[in-house]
Amino acid sequence: AADGAVDDPALTYVLIHDKEGAVAGMASAVSSVLRLPPIPDLAAGPVSREIALPGEDGPRGTVLETLTPVRVEGAGQSWGTVRVGLNQAPVAAALRRLEATLAISGLLIAIVAVGASRWMARRITAPLRRLAEGTEALSKGDTEHRIPIAGARELAELAQVDSDMSGTIDSNELMEL
């Protein structure tokens, strides 16, 4: 029943144990000499746990193992156990790729946000810079300098007042001559 169950590379093994715990069925990719921890008490239902697979040169890797009791309708006790081991390496690799993608996306969003902020700041402060330049020109006696009337309503009104003041100063100087 378990033959051919290991087509997915993340699926390490599928074992079917009878009620005494002996292996009744096994996926073909699983070594018959694989030593797994004993089956825990499944009276409360299915159990999932992380185990280290033993290998010839040390641990072969970590597996998420799920054990589920097999119940037959009408029987008071479990017939046996289905034991499935899932390799965590493909999931860990997918998580690493996701983390890298999120980090790169976050960096790109931050760069775009900084660029947009700088553009907005320059756009907002440009009328103030023009107004400051006009006021400085007026303070140096340049009554011909006019500030372009543009931008937010308040800034446009301020630019108009400054231009009117320059015009008034210019006409007062002409009257004095």
Side-chain angles (χ1 to χ4, degrees), residues 4-15 27-31 34 36-37 45-68 82-177:
V6 189
D7 290 338
D8 185 349
L11 194 59
T12 304
Y13 58 85
V14 177
L15 299 172
S28 60
V30 177
S31 168
L34 184 65
L36 296 172
V47 172
S48 291
R49 63 188 180 178
E50 194 172 288
I51 63 169
L53 288 179
E56 294 175 13
D57 302 346
R60 256 181 38 191
T62 305
V63 173
L64 177 64
E65 181 180 67
T66 301
L67 297 104
T68 304
V82 174
R83 188 175 203 166
V84 178
L86 298 172
N87 185 353
Q88 293 180 333
V91 174
L95 283 174
R96 282 191 300 276
R97 284 191 304 275
L98 178 62
E99 287 173 347
T101 301
L102 288 175
I104 291 169
S105 298
L107 182 62
L108 290 175
I109 288 171
I111 290 169
V112 168
V114 167
S117 298
R118 287 181 56 90
W119 177 78
M120 290 287 290
R122 286 176 188 244
R123 185 178 166 132
I124 290 169
T125 59
L128 290 173
R129 276 196 305 274
R130 286 193 300 270
L131 186 60
E133 289 167 1
T135 305
E136 188 176 332
L138 182 60
S139 74
K140 291 180 180 175
D142 182 4
T143 57
E144 298 296 317
H145 187 275
R146 296 291 183 261
I147 300 170
I149 299 170
R153 184 177 52 95
E154 293 85 2
L155 291 174
E157 288 174 3
L158 194 54
Q160 181 64 49
V161 167
D162 193 81
S163 291
D164 291 345
M165 184 172 57
S166 292
T168 303
I169 291 172
D170 201 23
S171 19
N172 285 347
E173 287 178 353
L174 284 176
M175 292 173 110
E176 290 177 6
L177 294 175

Any carboxylate oxygen within less than 4.0 angstrom of a Lys/Arg side-chain nitrogen, looking at Glu133 and Arg129?
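Here Glu133 does not pair with Arg129 in a salt bridge, since their nearest N and O are not under 4.0 Å apart.
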How far does CG of Asn87 sit from CG of Leu11, to the nearest 0.5 angstrom?
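Reported to 0.5 Å precision, the distance equals 9.5 Å.
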Show the atom names and distances, to 0.1 Å, of all donor-acceptor pairs under 3.5 Å that link a side chain in residues 61-68 to residues at least two apart or in another chain.
from	atom 1	to	atom 2	distance (Å)
Glu65	OE1	Arg49	NE	2.8
Glu65	OE1	Arg49	NH2	2.9
Glu65	OE2	Tyr13	OH	2.6
Glu65	OE2	Arg83	NE	2.6
Glu65	OE2	Arg83	NH2	3.4
Thr66	OG1	Ser48	OG	3.2

Non-hydrogen atoms of Leu86 and Thr12 that approach each other most closely
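Scanning both residues completely, I find the closest heavy atoms to be C-OG1, 4.0 Å.
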Show me the side-chain donor-acceptor pairs of residues 89-113 shorter than 3.5 Å, one per line, residues at least two apart or across chains.
from	atom 1	to	atom 2	distance (Å)
Thr101	OG1	Arg97	O	2.9
Ser105	OG	Thr101	O	2.8

Could you list the residues that satisfy side chain to side chain donor-acceptor pair (under 3.5 Å) with Arg123, not counting sequence neighbours?
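Listed in chain order: nothing, the list is empty.
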